[in-house]
Chemist: 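Please see the structure below; I have some questions.
Chain identifiers are assigned alphabetically (A, B, ...) following the order of the sequence lines, protein sequences preceding nucleic acid strands; residue numbering begins at 1 within each chain.
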Amino acid sequence: MVQLIPPRERHSNCQIEAQINYKDLIAHPADGEYSKSAPLRILSMDIECAGRKGIFPKAEIDPVIQIANVVTRFGEEKPFVRNVFCMDTVSPIAATQLFSFDDEKEMLLKWRDFVEEVDPDVIIGYNTSNFDFPYLLDRAKHLKATKFPYWTRLKTKQSEHSSSRFSSAQLGARDTKTTNTNGRLQLDLLQLIQRDYHLRSYTLNAVCAHFLKEQKEDVHHSMITELYNGDSNSRRRLAVYCLKDAYLPQRLLDKLMCLVNYTEMARVTGVPFNFLLSRGQQVRFLSQLFRKSLEHGLLIPDVAKEGGGDDQYEGATVIEPKRGYYQMPVATLDFASLYPSIMQAHNLCYTTLLNQETVKKLNMKKDEDYIQTPNGDLFCTAKVRKGLLSQILEELLGARKRAKKDLAVETDPFKKAVLNGRQLALKVSANSVYGLTGATNGKLPCLPIASSTTSFGRQMIEKTKAEVEAKYNIANGYSHDAEVIYGDTDSVMVKFGTTDLAEAMKMGQEAADFVSGKFTKPIKLEFEKVYYPYLLINKKRYAGLYWTNPNKWDKMDTKGIETVRRDNCRLVQTVIETSLRMLLIDKDPEGAQE
DNA sequence: GGCGTCGAGCAT
DNA sequence: GATCATGCTCGACGCC
């Protein structure tokens with residue numbers, strides 16, 4: 001059982017040092033205050049190697065032939081440096097400096113000088129962490145360019161790369177290489193996009209097509225060596241390609257507002273910037289917990305790792321679906337941030353967990369001083385002590401509310417999308433608080449919190465179903481008996497029976513408010529949308545037209561079906577998508593069958 | 001062909 | 001030396 005302990009009871013292996021360091025290290029500038037006087041310099045780069053046919057380049061054998069660089073001041077539209085360091089001669093490129101070399105070692109060293117002179121604060125690129133940086137360092141070592149690795153901001157510190165296996169339940173196992181560039185932040189756009197976006201393909205080409213609606217200069221990798229061995233015109237073509245590969249990450253960075261968002265995230269959670277890409281969700285949460293506990297003079301015990309860690313607990317309920325094709329509106333009611341709101345409403349926290357003994361000893365009164373969760377665990381009420389988790393969740397959800405507010409007034413479609421991504425990220429952060437209490441092999445697990453949270457959830461969804469069906473029926477003067485045809489974790493799908501869209505929406509809204517009133521704050525059931533028509537295939541597999549206003553539908557929504565899965569060929573996706581369109585939009589079941 | 005197990009990929 | 005969770009479907013595969 002994990003509980004925070006007051007300082008005087010601390011034991012020897014507590015982590016007091018970590019707390020003090022965190023407090024000293026974290027600056028809290030006012031929201032949105034970015035330095036205008038000394039804008040960050042961002043270097044976006046890309047290298048090309050002359051590989052052998054069909055073999056992936058190896059630093060001990062294949063030379064680096066071009067290094068393209070684009071340097072931008074943060075906030076400015078256009079870069080102020082565009083150059084390419086090349087081996088051999090290259091025909092001129094507009095608005096671009098070209099540096100030709102005969103000697104590869106000299107080129108690498110001159111590039112190092114260039115980096116030192118530009119002195120970038122941030123270095124970005126595409127797959128730089130796993131390819132460009134290690135390759136350059138290995139190549140320099142092979143060429144005995146001993147001065148090369150000194151390109152960090154610590155003049156006497158060598159840049160080195162090391163490999164590690166990063167594994168996380170969320171992101172899967174990944175072999176990653178890291179390179180130190182002390183004083184210069186790194187942002188590998190490949191890593192970033194793999195983390196934050198759900199795409200079918202993560203090649204630079206596909207990613208740019210998706211976000212920038214722009215293809216990259218297409219040179220197949222087998223062509224690189226050929227172009228290099230040609231004349232100065234073919235090498236020019238290669239340099240243009242290389243330059244574009246350096247520029248596109250910069251464009252992505254700007255479009256997706258990565259730097260701003262990641263800075264915000266680092267500030268909210270209080271972890272160093274590079275942790276955001278190189279580490280998991282856990283450190284972010286722990287860091288926040290450290291901060292909060294310091295405010296309250298609490299220490300966090302260094303929990304000894306338990307051997308087993310395999311004990312599972314019960315999760316959420318999925319209501320048995322009444323499968324079928326519904327040619328009438330089906331309203332969707334959702335609990336907003338279900339698990340975080342449960343933890344807040346019932347004050348579930350490490351600091352509020354009790355056991356029978358304590359309750360007896362302190363003569364606490366049930367439901368006044370403490371509560372018993374459906375799972376049987378005991379927590380004290382907020383009156384006795386407000387939990388730290390509640391406070392952290394309040395902060396995260398507050399930030400999310402602000403993001404959503406900005407989103408509502410923003411008109412630029414792309415900034416809208418980004419703000420949407422941000423509020424989603426904050427939601428993920430808030431939701432991960434629950435996840436971490438249940439991570440038995442994590443740093444600070446607490447199963448009573450996790451299983452109590454899910455037990456409340458199970459109880460709530462059952463109650464919602466019962467309340468809705470008990471109120472909206474013929475006996476109570478409504479025209480039809482409402483029916484909950486499906487539900488998963490925090491949502492219920494209600495068929496009110498009416499065929500009128502506007503009426504279904506009105507009833508949905510009303511039902512959401514009605515049910516919300518039956519639960520403790522800040523738990524809230526929201527009416528979000530109506531599906532009409534609605535095709536319910538199975539648990540976690542359905543499709544429907546998504547309506548938020550009665551005059552026109554917003555989109556076709558499909559969940560769990562092949563159209564959203566990435567483990568099929570494109571043909572399957574298109575066939576099913578067209579069938580669904582016929583079925584839902586054209587309402588032509590005959591066509592769909594073919 | 002039915003039955004169980006496993007892993008991928010999704011929903012929440 | 002790290003690593004948020006459980007529930008569910010479906011296809012692949014082995015077995016008889």
Chemist: Nearest-Å distance, CD1 (A/Ile342) to C1' (C/dA5)?
Modeler: 14 Å
Chemist: 5' to 3' on DNA chain B, which nucleotides open and close the contacts with chain A (atom under 4.0 Å from a heavy atom)?
Modeler: B/dA8 to B/dT12
Chemist: Touch check for A/Phe285, heavy atoms < 4.0 angstrom, all strands: base, sugar-phosphate only, or nothing?
Modeler: nothing
Chemist: Using side chain to side chain contact (heavy atoms under 4.5 Å, CB included), reason through A/Leu333 and A/Val515 one step at a time and then give a plain yes or no.
Modeler: CA-CA 10 Å; A/Leu333 311 181; A/Val515 176; 5.6 Å; no
Chemist: Relative to A/Tyr546, does A/Lys555 satisfy both conditions: NZ or CZ under 6.0 angstrom from the six-membered ring centre, and within 45 degrees of the ring's axis?
Modeler: yes
Chemist: Among the nucleotides C/dA5, C/dA2, C/dC8, which one has an atom lying closest to any side-chain atom of A/Asn441?
Modeler: C/dA5
Chemist: Taking only side-chain N and O atoms of A/Asn538, does any of them lie within less than 4.0 angstrom of OP1 or OP2 on C/dC8?
Modeler: no
Chemist: With a 3.5 Å cut-off and sequence neighbours excluded, list the donor-acceptor pairs that the side chains of residues 528-537 of chain A form with protein atoms.
Modeler:
unit_1: A/Tyr531; atom_1: OH; unit_2: A/Asp557; atom_2: OD2; d: 2.6

Chemist: Roughly how many Å is it from CD in A/Gln281 to P in C/dA2, rounded to a whole number?
Modeler: 17 Å
Chemist: Within the 4.0 Å heavy-atom criterion, would you say A/Val564 contacts the bases, only the backbone, or no part of the nucleic acid?
Modeler: sugar-phosphate
Chemist: When you check the phosphate oxygens OP1 and OP2 of C/dC8, does a side-chain N or O of A/Lys539 lie under 4.0 Å from one of them?
Modeler: yes
Chemist: Once you round it to whole Å, what is the distance between C1' of C/dG1 and CZ of A/Phe275?
Modeler: 13 Å
Chemist: Please report, rounded to the nearest Å, how far the P atom of C/dA5 is from the CE atom of A/Met343.
Modeler: 14 Å
Chemist: Between A/Arg541 and C/dC8, is there a contact of a side-chain N or O with OP1 or OP2 at under 4.0 Å?
Modeler: no
Chemist: Is the shortest side-chain N to carboxylate O distance from A/Glu394 to A/Lys386 below 4.0 Å?
Modeler: yes
Chemist: 5'-most contact on DNA chain C: A/Leu436 or A/Ile537, nearest heavy atom basis?
Modeler: A/Leu436
Chemist: Would you call A/Glu562 and A/Arg565 a salt bridge, taking side-chain N to carboxylate O under 4.0 Å as the test?
Modeler: no
Chemist: Quick check on DNA chain C: between A/Glu562 and A/Gly435, whose nearest nucleotide comes earlier from the 5' end?
Modeler: A/Gly435
Chemist: Could you state the atom-to-atom distance from CD1 of A/Ile561 to P of C/dT9 in whole Å?
Modeler: 14 Å
Chemist: Ignoring the backbone of A/Val283, work out which of C/dA5, C/dT3, C/dG7 is nearest its side chain.
Modeler: C/dT3
Chemist: In this structure, how many angstroms lie between the C1' atom of C/dT3 and the NZ atom of A/Lys443, rounded?
Modeler: 11 Å
Chemist: Under the ring-ring contact (aromatic ring centres under 6.0 Å, His included) rule, what do A/Tyr542 and A/Tyr326 come out as? Steps first, then yes or no, please.
Modeler: CA-CA 11 Å; A/Tyr542 60 81; A/Tyr326 293 86; over 10 Å; no
Chemist: Any side-chain N or O of A/Gln312 below 4.0 angstrom from OP1/OP2 of C/dT6?
Modeler: yes
Chemist: Write down the distance between CD (A/Glu320) and C1' (C/dC8), rounded to a whole number of angstrom.
Modeler: 11 Å
Chemist: Any chance NZ of A/Lys471 has more than 12 other-residue heavy atoms, nucleotides or ligands included, within less than 6.0 Å?
Modeler: yes
Chemist: Please state how far atom CD1 in A/Ile449 lies from atom P in C/dA5, giving the value in whole angstrom units.
Modeler: 15 Å
